[in-house]
Structure formats: structure tokens, C-alpha cells
Visitor: 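Have a look at the structure that comes next, please.
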Amino acid sequence: SGEGVGGGYVFYNQEMNHTIAGRLHIESALRRALERKEFSLLYQPKIDIATGKIIGAEALLRWLHPERGMISPVDFIPVAEETGLILQIDAWVLETACAQARKWRDLGQDAFRVAVNVSAKEFTNSLPERVGDVLSRHNIAPQWLELEITESMLMNSAQGVLGIMDEITTLGVTLSLDDFGTGYSSLSYLKRFPIDTLKIDRSFIQGIPEDVNDCAIASAIISMAKQLKHRVIAEGVESQEQLNFLKNAGCDEVQGYMFSHPVSAAKFEEMLVKDYRF
Ligand code: C2E
Ligand code: CA
Ligand code: CA
Ligand code: CA
């Protein structure tokens, strides 16, 4: 790390995450970012593998820092989680994604849902009520919204995770299990928790078709998902070979640079309105 533009410190590197001064710096920068509306959302299409139609979008957070330009969520989410600011940030994300979903519905787009990433810190008893509140304020049908959660959240049984998930799915909002395969003891959770979709982590998609292990893992996840009656989506699909493999294996949905990078709401809307087929 070192002096950055304007005399500030470069705050988005890993070293700074580990010092108190570094974390304080990021924390105040994040507070300012919330006040000054430096955050924005990009949307990456989720595609039905059988029809090539867009059936959803994942909202992905971006921080446009006035001096440093675009900062990736991987570089500030960890600090936001440690400082608790993630609650305000994710509340903003949910609010903004739902407002956007409302606009798209008003354009007559009704066959897709918007997915929002939920941080472990946010996954508390108050989440169902907050979600219900946002839905009603924006007049959003619950099936238009999907929450992407990770395996690590499921392991925290002290928090009454199952109860929270039940309340959310009772609202009609669907849950998908993100980065699937990278966490621990996922299998027992699969039948206990009301999860709609498994999202195979990009790390298993990357090596397809050359890496026999990646191929085996991806096929195994897909066939297990099918037998347990979950939907299954692959993230990080970048090539035609990967798409062919996933199609053959029976994967339901795909997402990745092959189809589209995460794009602005305006660009995403263009694809929707044109009824773009991949
Ligand atoms: P994630 O939820 O696993 O999101 C997928 C990441 O993979 C995104 O990175 C996306 O841009 C990227 N990606 C999509 N397709 C491809 C591809 O074909 N190839 C490659 N190499 N990458 C692809 P991004 O946007 O930088 O987000 C990184 C992580 O930050 C996310 O991982 C998620 O854990 C977190 N994140 C993003 N937005 C939010 C948010 O609003 N709230 C919270 N709590 N976390 C967020
Ligand atoms: Ca995600
Ligand atoms: Ca993911
Ligand atoms: Ca991932």
C-alpha cells in the first residue's frame, strides 16, 4: 500500500484489510460512498438453457470511487461485513434491485426474476420482514425476487437459519444456493432446507471440458440436483464447449461471459425488450 491520489491511502488492497488504520479508512470511505451514492448495480442475465431466453438477472454491486474508479465487491465486501456496514449496503442493493424490477414489470416484462446476493451478516431473524416490506413498498410480486445465499450461512444453526428460510419462502421469494460445492457438508442441508436452485460454482465450470474432475463434479451436482428436485444453474460459463457439456448433463440455466458480462440496467433492458435469444 502507499500514498494514493489526493493524499489518501490506497485502501482496496488485501494488506490494508488487516490493519486497524486500514479498516477504519475503508469504513469511512464506505460511509461516504453510501451518502454520496457511489454505488451502482449491474445486471447479468441468467439464461434458460433449453430456449436461450433470459429468465432472470443477478444484481451485482459496483463502487465507483471518485478518484480510484471502479472497485470490485471482492475488495470491499469483506470490510463492509466486518464493520457491519454491509447491512446498509445490502439494504440499498435490495431496495434498488426491487425498484428496478418494478420498472421492468411496467414495461411488460413478466417472465423473469431479479436475484440479489445476501451476505451472511444480513441473514438474521429480521430479514424476512425487511424483504416483505421492500416487496410491498415497490408492489413487487414475491416470485419476481430471488435471494442468493451461501452454504456457510446454513451451518449457523444457532441463528435459527431454517426458520428464517421458511419465512422467506413462505413469502413466495425463492432461495438459491450460491457457489455450490465450495463449502462444507452441503449434502445434508440440501434436503433439510427450502432451496429452489443450486448454483454450481465457477471453479468447477472453468476446467470443462478438459479437466475430467471438473466434468465429473459438475455432472454429479447436476444429477443430484435433479434427483432432489432442485433447479440447477452454472455460473461462469465462458465457452461453447462448456455450454454443450452442461446441456448434455441436464443443467437448467446458465450465466457467464459467454452470454453477457454484467451490464447496466439500460443495457439489460435493451436485451429484454428485444426478447433476445442466446
Ligand atoms: P458471486 O455471487 O459468485 O458473483 C459472480 C461473480 O462472477 C461476479 O463477480 C460476476 O461478475 C463474475 N462472473 C460472471 N460471469 C463470469 C464469467 O463467465 N467468468 C468470470 N471469470 N467471472 C464471471 P463480481 O461482480 O465481481 O462479484 C464478486 C462477488 O462479490 C460475488 O460473487 C458476491 O459474492 C459479491 N457481491 C457482488 N454483489 C454483491 C451484493 O450486492 N451484496 C453482497 N453481499 N455481495 C455481493
Ligand atoms: Ca451470486
Ligand atoms: Ca456465485
Ligand atoms: Ca462464485
Side-chain angles (χ1 to χ4, degrees), residues 12 17 30 33-34 38-47 54 56-64 69-101 113-124 127 130-131 134 145-153 174-183 195-208 214 218 232-243 245-246 251 253-265 267-268 278:
Y12 49 88
N17 284 344
L30 283 171
L34 273 164
E38 292 168 8
F39 292 115
S40 60
L41 292 182
L42 295 182
Y43 297 88
Q44 188 179 35
K46 297 188 180 195
I47 291 127
I54 297 174
E58 177 177 6
L60 292 158
L61 185 60
R62 293 294 179 267
W63 178 9
L64 185 58
M70 203 65 100
I71 303 175
S72 161
V74 275
D75 294 322
F76 66 85
I77 297 264
V79 181
E81 286 184 331
E82 273 179 53
T83 57
L85 276 172
I86 192 70
L87 297 181
Q88 276 163 272
I89 295 173
D90 275 351
W92 178 86
V93 171
L94 185 64
E95 196 76 41
T96 307
C98 285
Q100 188 59 64
R113 58 170 62 118
V114 174
V116 168
N117 290 287
V118 173
S119 141
K121 279 273 160 60
E122 197 193 359
F123 204 78
T124 61
L127 183 62
R130 284 182 286 131
V131 169
V134 175
L145 180 68
E146 177 176 31
L147 299 180
E148 296 196 0
I149 63 173
T150 56
E151 286 166 75
S152 56
M153 297 179 201
T174 47
L175 293 171
S176 72
L177 197 50
D178 205 354
D179 300 336
F180 186 75
T182 60
I195 293 155
D196 185 67
T197 305
L198 298 186
K199 192 166 193 179
I200 309 173
D201 192 64
R202 187 175 80 226
S203 59
F204 304 116
I205 305 302
Q206 260 169 354
I208 298 173
D214 282 352
V232 58
I233 180 168
E235 70 171 13
V237 178
E238 294 182 356
S239 73
Q240 185 66 46
E241 289 78 16
Q242 291 167 348
L243 177 61
F245 180 91
L246 292 163
C251 193
E253 301 169 26
V254 279
Q255 189 182 344
Y257 293 168
M258 181 190 170
F259 310 99
S260 170
H261 281 248
V263 295
S264 67
K267 282 235 176 77
F268 185 78
F278 288 95

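Each ligand, and each atom within it, is numbered from 1 in the order the structure gives. No experiment lies behind these values; they were computed from the predicted model shown.
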Visitor: So, is D179 placed with an N/O/S atom under 3.0 Å from the Ca ion (ligand 2), counting both backbone and side chain?
Guide: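 No N, O or S atom of D179 is closer than 3.0 Å to the Ca ion (ligand 2), so no.
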
Visitor: Distance under 4.0 Å to a non-hydrogen atom of E238: what atoms of ligand 1 satisfy this?
Guide: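 Per the distance check, 17 (C), 18 (O), 19 (N), 20 (C), 21 (N).
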
Visitor: Have a look at ligand 1 and work out which part of D179, if any, has a heavy atom under 4.0 Å from it: side chain, backbone, both or neither.
Guide: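 Within the 4.0 Å criterion, D179 contacts ligand 1 through side-chain atoms alone.
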
Visitor: Contact between H261 and ligand 1, counting heavy atoms under 4.0 Å?
Guide: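 Flag not set, H261 not near ligand 1.
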
Visitor: Look at the side chain of E146 and the backbone N and O of R113, then say whether any donor-acceptor pair between them is shorter than 3.5 Å.
Guide: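 Absent.
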
Visitor: So L177 and I149, do their side chains get closer than 4.5 Å, heavy atoms only?
Guide: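 Yes, close enough: below the 4.5 Å cut-off.
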
Visitor: I need the contact type for L41 against ligand 1. Using non-hydrogen atoms and a strict under-4.0 Å cut-off, is it side chain, backbone, both or neither?
Guide: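 The answer is neither; L41 stays 4.0 Å or more away.
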
Visitor: Out of curiosity, L85 CG to K121 NZ, how far, rounded to the nearest 0.5 Å?
Guide: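 Rounded to the nearest 0.5 Å, the CG-NZ separation comes out at 11.0 Å.
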
Visitor: Report the angle formed at the Ca ion (ligand 2) by atom OE1 of E148 and atom OD1 of N117, rounding to the nearest 10°.
Guide: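 It is 90°, given to the nearest 10°.
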
Visitor: Begin with the C-alpha distance, continue with both residues' side-chain angles, and end with the deciding distance and a verdict on side-chain contact (heavy atoms from CB on, under 4.5 Å) for T197 and V232.
Guide: CA-CA 5 Å; T197 305; V232 58; 5.7 Å; no

Visitor: Tell me every residue that passes ring-ring contact (aromatic ring centres under 6.0 Å, His included) with F76, counting only those two or more places apart in sequence or in another chain.
Guide: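 Applying ring-ring contact (aromatic ring centres under 6.0 Å, His included) to F76 gives F39, W63.
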
Visitor: Once you restrict to heavy atoms under 4.0 Å, what part of M258 touches ligand 1? Side chain, backbone, both or neither.
Guide: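 Under 4.0 Å from ligand 1, M258 contributes no heavy atoms.
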
Visitor: Check step by step if side-chain contact (heavy atoms from CB on, under 4.5 Å) holds for N117 and E58.
Guide: CA-CA 8 Å; N117 290 287; E58 177 177 6; 2.9 Å; yes

Visitor: Would F204 and D214 count as a side-chain contact (heavy atoms from CB on, under 4.5 Å) if you check the C-alpha gap in whole Å, the side-chain angles of each, and the deciding distance to 0.1 Å?
Guide: CA-CA 5 Å; F204 304 116; D214 282 352; 4.3 Å; yes

Visitor: Which bit of I77 is near ligand 1, meaning a heavy atom under 4.0 Å away: side chain, backbone, both or neither?
Guide: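 The answer is the side chain of I77.
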
Visitor: Taking both backbone and side-chain atoms of Q44, is any N or O found less than 3.5 Å from an N or O belonging to ligand 1?
Guide: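 Yes: some nitrogen or oxygen of Q44 is under 3.5 Å from one in ligand 1.
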
Visitor: I need the atoms of ligand 1 closer than 4.0 Å to a non-hydrogen atom of E58, numbered in the order shown.
Guide: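 The atoms of ligand 1 under 4.0 Å from a heavy atom of E58 are 2 (O), 4 (O).
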
Visitor: With side chains defined as the heavy atoms from C-beta onward, is the minimum distance between I205 and L246 less than 4.5 Å?
Guide: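 They are in contact (side-chain heavy atoms under 4.5 Å apart), so the answer is yes.
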
Visitor: Could you confirm whether E235 has any N/O/S atom lying under 3.0 Å from the Ca ion (ligand 2)?
Guide: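 Checking the Ca ion (ligand 2) against E235, no N, O or S atom falls under 3.0 Å.
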
Visitor: What is the minimum heavy-atom distance between Y257 and E238, and which atoms define it?
Guide: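 Where Y257 meets E238 most closely, the heavy atoms are CD1-OE2, 3.7 Å.
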
Visitor: Show, in sequence, the C-alpha distance, side-chain angles and deciding distance for I233 and K46, and conclude whether the side-chain contact (heavy atoms from CB on, under 4.5 Å) test is met.
Guide: CA-CA 8 Å; I233 180 168; K46 297 188 180 195; 3.7 Å; yes

Visitor: Side chain or backbone, does V74 bring an N or O within less than 3.5 Å of an N or O on ligand 1?
Guide: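 For ligand 1, there is no N or O atom that lies under 3.5 Å from one belonging to V74.
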
Visitor: Record the part of E235 in heavy-atom contact with ligand 1 below 4.0 Å; permitted values are side chain, backbone, both and neither.
Guide: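 Under 4.0 Å from ligand 1, E235 contributes side-chain atoms alone.
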
Visitor: With heavy-atom distances below 4.0 Å as the criterion, list the atoms of ligand 1 near G236.
Guide: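 That gives atoms 16 (C), 17 (C), 18 (O) of ligand 1.
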
Visitor: Which bit of V93 is near ligand 1, meaning a heavy atom under 4.0 Å away: side chain, backbone, both or neither?
Guide: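 For V93, only side-chain atoms sit under 4.0 Å from ligand 1.
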
Visitor: Give the atom numbers and elements of ligand 1 that come within less than 4.0 Å of a heavy atom of G256.
Guide: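 What qualifies from ligand 1 is 15 (N), 18 (O).
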
Visitor: Going from CD on E253 to CD1 on I47, what distance comes out if it is rounded to the nearest 0.5 angstrom?
Guide: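 E253 CD to I47 CD1: 9.5 Å, rounded to 0.5 Å.
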
Visitor: Specify side chain, backbone, both or neither for R202, according to which of its non-hydrogen atoms lie closer than 4.0 Å to ligand 1.
Guide: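 R202 to ligand 1: side-chain contact only, backbone stays beyond 4.0 Å.
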
Visitor: Could you tell me, atom by atom, which parts of ligand 1 come under 4.0 Å of a heavy atom of S119?
Guide: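 Taking each heavy atom of S119 in turn, ligand 1 has 44 (N) under 4.0 Å.
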
Visitor: Return the option from Y257, W92, F76 holding the heavy atom at the smallest distance from atom 18 (O) of ligand 1.
Guide: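 The nearest heavy atom belongs to Y257.
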
Visitor: Using a 4.0 Å heavy-atom cut-off, which part of D201 comes near ligand 1: side chain, backbone, both, or neither?
Guide: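 None of D201 does.
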
Visitor: Please enumerate all residues that pass ring-ring contact (aromatic ring centres under 6.0 Å, His included) together with F278, with sequence neighbours excluded.
Guide: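 If we apply the ring-ring contact (aromatic ring centres under 6.0 Å, His included) test to F278, skipping adjacent residues, the hits are F259, Y276.
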
Visitor: Quick check for you: with the Ca ion (ligand 2) as the vertex, what angle do OD2 of D178 and OE2 of E58 span, to 10°?
Guide: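 Taking the Ca ion (ligand 2) as the apex, the two atoms subtend 180°.
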
Visitor: Which residue is it: E235, H261, Q255? I am looking for the one with a side-chain hydrogen bond (donor to acceptor under 3.5 Å, both in side chains) to Q44.
Guide: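 The side-chain hydrogen bond (donor to acceptor under 3.5 Å, both in side chains) with Q44 is passed solely by Q255 among E235, H261, Q255.
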
